[in-house]
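To find a chain, count down the sequence lines: A is the first, B the second, and so on, and within it residues start at 1.
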There are 4 protein chains.
Amino acid sequence: MKTMKDKKEQKRALILNAAIKLYSVNGFEETKIADVAKEAGVSFGTVFSYFESKNALYEAAILEPLEEIRSYFENVEDHFQGDPLDVMKAMIDCHVEIFSTRKELLLLIQQVLARPSRFPNLFEELDGFVNSFVDSINSIIEEGQKLGYFYKGSPSLIAESYLSFINGIRLTFIDDETNPVWERFKIQALRLFGPFYKSEE
Amino acid sequence: MKTMKDKKEQKRALILNAAIKLYSVNGFEETKIADVAKEAGVSFGTVFSYFESKNALYEAAILEPLEEIRSYFENVEDHFQGDPLDVMKAMIDCHVEIFSTRKELLLLIQQVLARPSRFPNLFEELDGFVNSFVDSINSIIEEGQKLGYFYKGSPSLIAESYLSFINGIRLTFIDDETNPVWERFKIQALRLFGPFYKSEE
Amino acid sequence: MKTMKDKKEQKRALILNAAIKLYSVNGFEETKIADVAKEAGVSFGTVFSYFESKNALYEAAILEPLEEIRSYFENVEDHFQGDPLDVMKAMIDCHVEIFSTRKELLLLIQQVLARPSRFPNLFEELDGFVNSFVDSINSIIEEGQKLGYFYKGSPSLIAESYLSFINGIRLTFIDDETNPVWERFKIQALRLFGPFYKSEE
Amino acid sequence: MKTMKDKKEQKRALILNAAIKLYSVNGFEETKIADVAKEAGVSFGTVFSYFESKNALYEAAILEPLEEIRSYFENVEDHFQGDPLDVMKAMIDCHVEIFSTRKELLLLIQQVLARPSRFPNLFEELDGFVNSFVDSINSIIEEGQKLGYFYKGSPSLIAESYLSFINGIRLTFIDDETNPVWERFKIQALRLFGPFYKSEE
DNA sequence: GATGAATGAGCTTTCATTCAT
DNA sequence: TATGAATGAAAGCTCATTCAT
């Protein structure tokens, strides 16, 4: 009994991962369910016994991985301790790690952001995600501003700038996945918060 | 003779603009030639007398507008004079103007960047565009670094950061088109170059 | 042993009744085996342990109930005694009772009659049923004609008229199931045999 | 211009007739659009440029022929003149002609009547048709009753009986199309109105 | 050159049937 | 025996492209 449930779970994951891969590369319309099935190594009827429709599979391919990273954006204070500067540095490390290794998810997210009217439910979800993040680091930025670490000015401007920046990196340099490349951008991300110089400079 | 040529040119533009609008909102696959024809106010078959195929129309919809803005990214020194700081400020003004008003083009560009294998010719073209820009402002950044305006470090890192940033803004806040919103981001863009503070702060 | 056999019999009946209900309402094609299973309260695969195929289930759903009523059409003389007029009145009572309460069976029969080439075996069976009925009351009608009760003319014409009439009522007023409605048609059925007036008129 | 419109009209009729033929024989679900196309001698994409969907084609296949016969059922008084008896005889002649030659339409109608919930719009239309007919001959029957031609009793009972009768003939003896067969039933139809004998008897 | 009817490949989705458990 | 996951044939429908007018 246990084994059967596990097997089902496993097969579902197989399909979902195939979907994530293909959707992210080819987009919703040009991804064919037959291709997903082949990639997952199942017959294509099977895809429909695990996911109700092509649309439902797309939603799952975005929302389920989103859950895995949600906490690192919406509960920043829970994950990173220390003074505001340390928190931001740790957060940037974490986010850069996510953005550099999760290209597929970010591409999927971008597909949705680029077509709000086509995917209204998903768009709303992702829009909420963005807003939650901005809210989530608001007080940290304010504290950092008081301590003189960060630029004065609207915390949400800074938060939005930061998010746009890492998102922009991901989308503009789509082929770069190597860590050293991403490593270099961390200092730039930090500079959106305040006038930081690398110690060795 | 002249008039007829003009009329043809005009009809072609009608179709191309309709294509830009619809492709940018709906993507390549979900944009139907019939919809483009209707939006352009021409008959269905006419689209095919001006553009060889759906693919060709897509390429034109991206490459032709790209030409209009190319110069502002690849010949920065020709457009903006003064010391490096002034040049960068003017360039940011110009680019923000372009990015805020040309949402459609940026969305189209993103569609291509997100799917290199699907649109290899276009991708190569756009990849070259990015690299040209980075090269183009290299010497300006170096000069600014010498003058102490800008952060030390790889000029291309700074250039790439900047491009990613404005692109990220465009893509993350897809619905914002109002100028005031974009205005606020200019200072953040500048901060990727060096530790700047608004005068009123 | 006995109990197990009974249980099987019972489960089979459960499935068959569900099939009769759904086939009659939705027709052969639009009735899904999964729906039959759900209606019967058994699991999906179980249907196939009792009936070889969807086709076999359909045949059973028609032929088995048909057996229950066959005798009242093919052995009229055995069931109704008296002079021809009384026999016909009793027969009409009986048939109206059957047609008014067995809507499902009549709908199934009609599905077959309407598509001889699709269900050749079933059609032949039902066609034989009709002919048997016509033969079966032939002598009664002849006798009634001799006694002056019934119209002169071909007995089979009268028999066919009668059968068509009750069948037509059933099919034309598909929603009427109330007995009073059917009661009114009895006198009309009788009038196909001879010029009868209700006593109260 | 005229020619083109005519050609389109002609092709539409080709498709509609093929649909009528196949739908009536095979029913809605088992009729494949590909078969209709083949029967009509067009490619199957063409079917969809004349009719929006399989459903729409089905509705047209029923409602358009229905219009052709509607008047003979809903405007009985306009078509048949004379005393009530003559009107009824003429009407029966007309209706028998229609029912014997229009098997396909009657089969289609029956498909709808048998599945009200599947074809609600069509069912409503046809139900209205039946009621209109019953209303339409009401006064003629009443007049015939006053003149002593017809049985006393509810005119709508008689009207419904008559309609059920010819419908029942059509459906019970699906294969008979020869006129002589139908001719014999006319006297039986008339006997539902009153106690008539053929002159030669 | 402009039109839009005709075509048919290719897609998503359904569901009877099979079969391992 | 009972189950329900897996399969894949088959269907409706879309739409880029062709081409006769």
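- Nearer to the 5' terminus of DNA chain F, by closest-nucleotide assignment, is the contact made by A/Val47 (compared with the other of B/Ser53 and A/Val47).
- Taking atom CG of residue D/Asp35 and atom C1' of nucleotide F/dA11, one finds them 11 Å apart after rounding to whole Å.
- Of the candidates F/dA2, F/dA6, F/dC13, the closest approach to any side-chain atom of D/Phe48 belongs to F/dC13.
- Mapping C/Phe28 and B/Thr46 onto DNA chain E by nearest heavy atom places B/Thr46 closer to the 5' end of the strand.
- The terminal axes of the helix from E/dA2-F/dT21 to E/dT21-F/dA2, fitted over 5 pairs per end, subtend an angle of 0° to the nearest 10°.
- Across F/dA2, E/dG8, E/dA16, the shortest atom-to-atom separation from the side chain of D/Ser43 is found for E/dG8.
- Taking side-chain N and O atoms only, D/Tyr50 has a distance below 4.0 Å to OP1 or OP2 of E/dA6.
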Assess the residue pair A/Gln111 and A/Tyr23 against the criterion (side chain to side chain donor-acceptor pair (under 3.5 Å)); give the C-alpha distance rounded to whole Å, side-chain angles, the decisive distance to 0.1 Å, and a yes or no.
CA-CA 9 Å; A/Gln111 289 171 17; A/Tyr23 277 138; over 6 Å; no

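- Contact detail for D/Ala114 and C/Leu107: the closest heavy-atom pair is CB-CD2, 3.7 Å.
- Of the residues near DNA chain F, D/Gly45 and C/Gly45, the one whose nearest nucleotide (by heavy atom distance) lies more toward the 5' end is C/Gly45.
- By the neighbour-count criterion of 12 heavy atoms within 6.0 Å, atom CD of D/Glu29 is densely surrounded, having more than that number from other residues, nucleotides or ligands.
- Rounded to an integer number of Å, the gap from B/Asn26 CG to F/dC15 P is 11 Å.
- Note on C/Lys11: a side-chain N or O is less than 4.0 Å away from OP1 or OP2 of F/dA2.
- F/dG12 atom C1' lies 10 Å from atom NZ of D/Lys32, rounded to whole Å.
- Of the listed nucleotides (E/dT13, E/dA2, E/dA16), E/dA16 has the atom at the smallest distance from the side chain of C/Lys54.
- When every heavy atom of C/Leu108 is checked against every heavy atom of C/Ala61, the shortest pair comes out as CD1-O, 3.8 Å.
- Distance, D/Glu30 CD to F/dA10 P: 14 Å, rounded to whole Å.
- Going from atom CD1 of A/Ile15 over to atom P of E/dT12 covers 15 Å, rounded to whole Å.
- For C/Phe44, taking side-chain heavy atoms from C-beta onward, the closest of the listed nucleotides F/dA5, E/dA2, F/dG12 is F/dA5.
- One interatomic measurement links the two molecules: CD of D/Glu52 to P of F/dC13, which rounds to 10 Å at whole-angstrom precision.
- With rounding to the nearest 0.5 Å, the separation of CD1 in C/Ile109 from CD1 in C/Ile69 is 5.0 Å.
- In the displayed structure, C/Glu64 atom CD is contacted under 6.0 Å by more than 12 heavy atoms of other residues, nucleotides or ligands.
- Cation-pi contact between B/Arg118 and B/Phe28: present, with separation from the ring centre below 6.0 Å and deviation from the ring axis of at most 45°.
- Distance, C/Phe51 CZ to E/dT17 P: 14 Å, rounded to whole Å.
- Rounded to whole Å, the distance from NZ on A/Lys38 to P on E/dC11 is 11 Å.
- For B/Ile33, the listed nucleotide lying nearest its side chain is F/dA16; candidates were E/dA2, F/dA16, E/dA5.
- Between the side chain of A/Lys11 and the main chain of A/Tyr50, no donor-acceptor pair closer than 3.5 Å is present.
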